[in-house]
Amino acid sequence: MSAITNHMPTSELQALDAAHHMHPFTQGSGLAAKGARVITRAKGVWLTDSEGNEILDGMAGLWCVNIGYGRDELAEVAARQMKELPYYNTFFQTTHVPAIALAQKIAELAPGDLNNVFFAGSGSEANDTNIRMVRTYWEEKGKPEKTVIISRWNAYHGSSMGSGSLGGMVGMHAQGGMPIPGIHHIGQPNWWAEGGDMSPEDFGLMRAQELEAAIKELGENKVAAFIAEPIQGAGGVIVPPATYWPEIQRICDKYEILLIADEVICGFGRTGNWFGSQTVDIRPDIMTIAKGLSSGYQPIGGSVVSDEVASVIAGTEFNHGYTYSGHPVASAVALENLRILEEEKIVDQVRDVTGPYLKGKWEALADHPLVGEAKIVGMMASIALTPDKASRAPFAADAGTAGFICRERCFANNLVMRHVGDRMIISPPLVISETEIDTLIERARTALSETLDSLEEKGLMVKPS
Ligand SMILES: *Cc1c(COP(=O)(O)O)cnc(C)c1O
């Protein structure tokens, strides 16, 4: 009994994949022509593909494998839990030990009075829960007209109808009838792309004040909540100017609206604290969690809710839940993941040792002729590619042209680095060592130089006139 190691040749796997497997966020026909890369094994920060290449995973899967791959403890806990109680639900006045233990542990780790957990199977599901929960909250408080949720352009909150509508990805909104009614988007604090001649500080303040303007425009009595990632992830690891979050917190305090921090990426050590809310110093009423909660070993997410909101919700029957809310195997695995993060002091390590080490090397990438700004918080980082640093100019090509080339050069150098438009981003496993960070940076530099050559060949390294 083991993983499938004696597999078919890569070309046959790719042909079957193309014939039957529909990929998320992918143009299927393009991928079918090219053939997907087949990942077969992983250990620590290293992936192995079906051709035997060893690839440094600079993205921790999809921002989730915080403790790294190949931790047997999680496999053993999963097997034990499956034998003891593989499934039971938590709908009809029943509960089980793994869900109880995990909720208690999350309440202990979460800041302030965020002591209550509503479980989901993913971050998307948890944000759908949040939409219904904040509206139910205001209904129970006798203010049923408070329904609008304010979010931001270029935010990512998931891919279901609700969470995709909360998100501010215009490419997603263009397909399938999103956003749903009752969601309002304001600008993002992306100084590099949108700050113009303003200082980052002034721009951060201005973008935060768009929240206040939106509340006034919509009517304070209509707005239920504001949702945001402490640091935008899928939008390109956008680190807001220091002025942004204090102003957002001030506005949330002044008007009667709930603050939802989407911690799906930032949570569980990614920013050097247990939660991104601690790093940016905010006091959310609800936190969305998923990804690093289980290090991706099992699908699980949830909403971590303040005592005040939870006590109001407890006054009614909340007609909402998922078959797999608090799934016992997923909960047991998440609990073991949190034990490892805590006992091995992995979050402290990110804050005090490997995070600062990566920061020094990452920020030095700004010396490269292709790189404008280099941003990093904990173990999430981005660089902006540009033909002209001084003017922060975009390339004279479709957005993402340079980023795509760079991602391909990274792949060719056995490094997974993702591109969002012409920003390159990383989010490695939190257990990455200093030696592995050196390798990551070395490969990134090689890929950047190869990308620069390619862009020069294409005549794209031109400064705007
Ligand atoms: C990934 C992500 C989600 C969605 O989580 P899924 O588990 O993919 O549904 C929500 N919010 C943020 C910030 C994310 O990065």
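Keep in mind the model is a prediction, meaning the values are calculated, not measured. Whatever order the structure lists them in is the order used to number ligands and atoms, beginning at 1.
Remark: Arg132 does not engage Glu139 in a salt bridge, criterion side-chain N to carboxylate O under 4.0 Å.
Annotation: side chain to side chain donor-acceptor pair (under 3.5 Å) contacts of Gln27 (sequence neighbours excluded): Ser29.
Evaluation of the side chain to side chain donor-acceptor pair (under 3.5 Å) test over residues 326-343, restricted to residues two or more places apart or in two chains, returns Lys105-Glu342, Ser295-Asn337, Glu336-Arg339, Arg339-Glu343.
Less than 4.0 angstrom separates some heavy atom of Ile265 from each of these atoms of ligand 1: 15 (O). When each atom of ligand 1 is checked for a heavy atom of Glu229 under 4.0 Å away, the hits are 13 (C).
Protein heavy atom nearest atom 11 (N) of ligand 1, with residue, atom name and distance: Asp262 OD2, 2.7 Å. Nearest protein heavy-atom contact of atom 7 (O) of ligand 1 is Gly123 N, 3.0 Å. Nearest to atom 8 (O) of ligand 1 among the protein's heavy atoms is Ser124 OG, 4.3 Å.
Contact annotation: the side chain of Tyr255 approaches that of Ile251 to within less than 4.5 Å [non-hydrogen atoms, C-beta and beyond].
In this structure, Phe203 has its ring center no closer than 6.0 Å to that of Tyr244. Ring to ring, Phe119 and Tyr322 are not that close: their centroids are 6.0 angstrom or more apart.
Under 4.0 Å from ligand 1, the heavy atoms of His157 that appear belong solely to its backbone. Residue contacts with ligand 1 for Trp63 are absent, since no atom lies close enough (heavy atoms, distance under 4.0 Å). Only side-chain heavy atoms of Lys291 come within less than 4.0 Å of ligand 1; its backbone N, CA, C and O stay farther off.
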